[in-house]
Number of protein chains: 2
Amino acid sequence: MPRRPPASSTSSPAPSSRRSPCPVACALDLFGDRWTLLVIRDLFLGRSRFKDFTASPEGIPTNLLSDRLERLTESGLISRVPLEGGKRFAYELTEKGKALKPVLLAMKEWGLRWEEGTRADLLNQS
Amino acid sequence: MPRRPPASSTSSPAPSSRRSPCPVACALDLFGDRWTLLVIRDLFLGRSRFKDFTASPEGIPTNLLSDRLERLTESGLISRVPLEGGKRFAYELTEKGKALKPVLLAMKEWGLRWEEGTRADLLNQS
DNA sequence: TTTTTTCACTTGCAAAGTGCAAGTAAAATT
DNA sequence: AATTTTACTTGCACTTTGCAAGTGAAAAAA
């Protein structure tokens, strides 16, 4: 995945790396890979620290997690919040990131219906 | 992306390559990349031939298109339908593939809302 | 306070995937 | 019969992925 510039509180400026003006293509430029949406999912599940993400059952490699957290921050889907005094951070969804809930819910429903043996322990409506 | 076995008309058996029982992770195992959902989008837009997909504005490389069509067929999201007599094929969404409409619509809405300059010429409700 | 453990990464490397260009053979068209 | 189009495949350079190991700071334990 190629890299991209930051984001505003309303809507992000079109980066030159955009493949087309299609909103689906555009979305895939931001999270079209095997890991990014799982990090978003974890954030919806209340996980917020680096180790929380690595503890998820899929076992994201730590170098990829670093990379994804950085990209998500750059594209304004998440923000880093400094933890008590120290140099450590928690991550949280921005409004833009929270707006992905319908996407995740649709994928969850699809998976539950069409892929045998899947179960959604945690990701609820609301 | 690692490869996987075929699919039934109800729900697909769990492949050993599955990363977790999470329906989202499972879905991403099938279409978690930058191109697959664009092929699905094109099919929803009525495109069905190899050249139709290559003609989309994102310009998928032909080797990747071949690969994606094969994987989508294997995983039961699309099927190859033989064209009049010859050895050529058209591609169409299966029921399982059509069931991805809510996912694409959610992504479309998200892109339109949060990514400046995107526009959805074609992908409609229904 | 010192030691140990945990956390949040980074680095190195082999393997796999991507993207581009060029090639090919069959089908369709002229 | 010759030309063009279609649906691919192949080759190759480059990038990304996944695994393991290493590192330094912070937190916890002794």
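Computed from a predicted structure; not experimentally measured. Excluded from the calculations below are hydrogen atoms, water molecules and symmetry mates; all remaining heavy atoms, backbone and side chain alike, are included. Each chain gets a letter, A, B and so on, in the order its sequence line appears, and its residues count up from 1.
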Peer 1: How close or far is atom P of C:dC20 from atom CG of B:Leu65, stated in whole angstroms?
Peer 2: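 Roughly 14 Å, once rounded to whole Å.
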
Peer 1: Rounded to the nearest Å, what distance is computed from the CD atom of residue B:Glu58 to the C1' atom of nucleotide C:dC20?
Peer 2: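 Roughly 17 Å, once rounded to whole Å.
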
Peer 1: List in chain and number order the residues that pass side-chain contact (heavy atoms from CB on, under 4.5 Å) with A:Ser20, two or more places apart in sequence or in another chain; answer none if no residue qualifies.
Peer 2: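 Testing A:Ser20 for side-chain contact (heavy atoms from CB on, under 4.5 Å), a comparison that skips the adjacent residues, returns A:Cys22, A:Ala25, B:Pro57, B:Glu58.
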
Peer 1: Nearest whole angstrom, please: distance from the P of D:dT15 to the CG of A:Asp33.
Peer 2: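 It works out to 18 Å between those atoms.
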
Peer 1: To the nearest 0.5 Å, tell me how far B:Asn63 CG sits from B:Arg68 CZ.
Peer 2: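 The CG atom of B:Asn63 sits 9.0 Å away from the CZ atom of B:Arg68.
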
Peer 1: Tell me, please, which residues at least two apart from A:Thr54 pass side-chain contact (heavy atoms from CB on, under 4.5 Å).
Peer 2: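 Checked A:Thr54 against side-chain contact (heavy atoms from CB on, under 4.5 Å); matches are A:Phe50, A:Lys51, A:Thr62, A:Leu65.
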
Peer 1: Are B:Arg18 and B:Asp29 ion-paired here, with the side-chain N under 4.0 Å from a carboxylate O?
Peer 2: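 Answer for the salt bridge query: no.
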
Peer 1: How many angstroms lie between atom CG of A:Leu28 and atom CH2 of B:Trp35, to the nearest 0.5 angstrom?
Peer 2: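 Between A:Leu28 CG and B:Trp35 CH2, I get 10.0 Å after rounding to 0.5 Å.
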
Peer 1: Looking at C:dT18, I'd like to know if its phosphate oxygens (OP1 or OP2) sit under 4.0 Å from a side-chain N or O belonging to B:Arg68.
Peer 2: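 So the side-chain polar atoms of B:Arg68 do come within 4.0 Å of the phosphate oxygens OP1 or OP2 of C:dT18, strictly under.
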
Peer 1: Using distance alone, with no hydrogens and no angle criterion, decide if A:Ser56 and A:Arg47 have a side-chain donor and acceptor under 3.5 Å apart.
Peer 2: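 Side-chain D/A pair, A:Ser56 to A:Arg47: present.
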
Peer 1: Are B:Trp35 and C:dG19 close enough that a side-chain N or O sits under 4.0 Å from OP1 or OP2?
Peer 2: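 Answer yes for this pair, as a side-chain N or O of B:Trp35 is under 4.0 Å from OP1 or OP2.
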
Peer 1: Calculate the interatomic distance between B:Leu38 atom CG and C:dT18 atom C1'; express it in whole Å.
Peer 2: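 So the CG-C1' distance, B:Leu38 to C:dT18, works out to 15 Å.
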
Peer 1: In whole Å, what is the span from the CG atom of B:Leu64 to the C1' atom of D:dT16?
Peer 2: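 About 13 Å, once rounded to whole Å.
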
Peer 1: Could you run through nucleotides 4-9 of chain D and give me one letter per nucleotide, 5' to 3': B if any protein heavy atom sits under 4.0 Å from the base, S if only the sugar-phosphate is that close, - if neither?
Peer 2: --BSBB

